[in-house]
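None of the values given here were measured: they were computed from a predicted structure.
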Amino acid sequence: MIVVVGIGADGMAGLSGEARAELARAEAIYGSARQLDLLDDTVSAQRCEWPSPMMPALRSLPDGVHVLASGDPMLHGVGGTLVRLFGPEKVRVLPHVSSAALACARLGWCVQDTEVISLVTAEPHTAVRRGGRAVVLSRDASTPAKLARLLADTGRGDSRLTVLEQLGGPAERRCDATARDWAAHPPRGVDDLNVVAVHYLPDERIASLPDDALDHDGQITKRGVRAATLATLAARPGELLWDVGAGSGSIAIEWARSGIGCAAIAFERDERRRDRIRHNVVRFGVTVEVRGAAPDAFDGAADPSVIFVGGGLTQPGLLDACVDRLPADGRLVANAVTAESEAVLAQWYSSLGGELQRYQHYAGEPLGKFTGWRAAMPVTQWAVTKR
């Protein structure tokens with residue numbers, strides 16, 4: 001059994017009797033240098049500092065050791081990693097109060113209404129939002145300034161930041177500023193142990209992004225068809241989408257916005273469009289990896305849960321490669337606007353079944369003093385689940 005003990009900035013004083021007893025009987029305790037320094041003389045175990053990289057050491061942990069973690073080990077912490085590696089029956093977790101809970105308590109925010117985002121390993125842009133509130137777990141002292149600059153650069157400079165350092169400990173400190181002010185004049189001496197509570201402003205509650213919200217050159221799944229496509233894709237928390245022939249990355253970005261832990265890989269052959277996708281990804285704070293042309297760029301990519309094909313359907317072997325990489329019970333959705341692409345989808349539909357649909361979208365436009373309807377190109381869609 002591996003025992004994981006959560007510890008806060010208040011050190012031994014904040015531990016429960018059960019956690020103290022576990023540490024007192026431990027023979028070897030693993031943790032970061034900062035965590036190990038919080039232990040007092042009642043703990044006689046060998047203190048083992050994590051090496052870098054940490055993952056190989058986690059995989060080779062012997063049975064019977066103790067592990068220190070900051071706050072709640074199951075909130076973006078080492079506890080969850082160890083459970084995935086060894087199974088819940090071999091890992092016992094004694095949680096402390098999480099930094100997210102402490103931050104919400106300081107600010108008067110309800111925890112259930114507050115998103116928790118970890119930048120311990122993720123890129124700072126993944127904490128950019130278009131509204132709402134979040135507690136952002138920082139990688140180090142530089143995280144607040146990096147996040148503030150990103151928010152200011154993406155039109156969220158009015159967002160309110162509260163940086164809370166050494167939460168729960170005797171050196172706890174708080175600093176409040178707008179993202180714009182923090183980016184222009186970042187305070188010195190921010191502690192590495194900090195979280196950033198963010199109230200994102202202006203608060204834009206948009207179910208589906210307008211086409212002009214994305215940088216594109218015309219290669220974009222239009223808003224109405226995009227909404228219908230996302231409904232067919234049916235994102236579930238934690239799923240990975242492959243967006244093949246991504247264009248502006250609109251489907252990948254909307255997918256990554258749609259559910260907790262959803263991420264995407266965008267495959268696009270044109271270099272300028274890849275740059276546009278990267279720009280859009282940063283602007284909307286989503287987890288989207290950008291790769292080159294399909295199917296060559298499939299090599300080395302993480303396996304998808306769902307695949308969307310928005311371009312390149314007539315390329316020989318493309319759909320074959322997509323179906324091959326799709327896992328059992330994985331979903332594939334493809335959109336076509338040309339007769340040649342429709343013919344490809346019709347052949348696959350005849351072979352694998354699924355659903356074949358056609359969408360026609362009309363937009364109201366000025367017609368003299370009146371308004372008329374202008375039809376967009378019809379879109380044929382094939383959706384199938386791999387059996």
Side-chain angles (χ1 to χ4, degrees), residues 130 206-235 239-259 262-270 272-294 297 304-315 318-319 322 326 331-342 344-345 348-349 354-365 374-384:
R130 314 303 289 181
I206 302 172
S208 183
L209 296 173
D211 296 341
D212 59 8
L214 295 147
D215 184 12
H216 65 91
D217 61 358
Q219 288 295 108
I220 182 173
T221 303
K222 298 298 191 294
R223 186 179 189 178
V225 174
R226 192 184 333 131
T229 300
L230 287 161
T232 305
L233 289 168
E239 287 189 323
L240 177 68
L241 172 78
W242 280 11
D243 184 357
V244 179
S248 65
S250 63
I251 291 291
I253 288 167
E254 292 272 39
W255 168 277
R257 293 174 69 239
S258 65
C262 285
I265 301 176
F267 298 90
E268 173 54 51
R269 67 172 59 252
D270 186 276
R272 288 173 297 179
R273 288 174 183 160
R274 290 198 296 270
D275 289 339
R276 286 192 180 95
I277 295 171
R278 293 186 185 100
H279 172 74
N280 289 329
V281 164
V282 171
R283 185 177 182 187
F284 290 97
V286 290
T287 303
V288 177
E289 178 186 353
V290 182
R291 284 178 163 248
S305 309
V306 185
I307 295 178
F308 170 70
V309 185
L313 283 169
T314 57
Q315 180 182 340
L318 177 66
L319 265 181
C322 290
L326 197 66
R331 306 183 300 284
L332 185 145
V333 177
N335 287 357
V337 294
T338 67
E340 291 79 7
S341 296
E342 278 191 353
V344 173
L345 294 187
W348 278 91
Y349 172 68
E355 294 183 342
L356 201 61
Q357 302 181 79
R358 174 174 283 185
Y359 296 100
Q360 178 71 69
H361 179 71
Y362 295 83
E365 293 186 0
R374 183 174 297 278
M377 294 182 68
V379 175
T380 299
Q381 182 182 93
W382 175 54
V384 68

First locate atom [atom1] of [X], then atom [atom2] of [Y], and finally report the distance between them rounded to the nearest 0.5 Å.
X	Y	atom1	atom2	result
L356	E342	CG	CD	8.0 Å
Q357	Y349	CD	OH	10.0 Å
I265	L240	CD1	CG	4.5 Å
S258	I251	OG	CD1	10.0 Å
I253	F284	CD1	CZ	7.0 Å
Q360	T380	CD	OG1	10.0 Å

Distance-minimising heavy-atom pair for [X] and [Y]:
X	Y	value
D243	A252	OD2-N, 3.2 Å
C322	I307	O-CD1, 3.3 Å
T232	A383	CG2-CB, 3.7 Å
R274	R291	CD-O, 3.4 Å
L318	G311	CD2-O, 3.7 Å
W255	E239	NE1-O, 3.4 Å

### Pair L345-L319, side chain to side chain contact (heavy atoms under 4.5 Å, CB included): steps then yes or no
CA-CA 9 Å; L345 294 187; L319 265 181; 4.3 Å; yes

What pairs of donor and acceptor atoms, side-chain ones from residues 208-215 against any protein atom, are under 3.5 angstrom apart with sequence neighbours left out?
from : atom 1 : to   : atom 2 : distance (Å)
S208 : OG     : E254 : OE2    : 3.3
D211 : OD1    : R223 : N      : 3.0
D211 : OD1    : R226 : NH2    : 2.6

### Query
Distance-only, no hydrogens or angles: does the S341 side chain make a donor-acceptor pair with backbone N or O of V337 under 3.5 Å?
no

### Message
Pairing donors with acceptors under 3.5 angstrom, does anything connect the side chains of N335 and T221?
### Response
no

### Message
As a test of understanding, state which of R276, R273, Q219 forms a side-chain contact (heavy atoms from CB on, under 4.5 Å) with E268.
### Response
R273

### Task
Could you check whether the rings of F267 and W242 sit parallel, tilted or perpendicular, using 30° and 60° as the cut-offs?
perpendicular

### Query
Just wondering, do L233 and R331 contact through their side chains at under 4.5 Å, heavy atoms?
no

### Query
Could R278 and D275 be called an ion pair, given the rule that one side-chain N must be under 4.0 Å from one carboxylate O?
yes

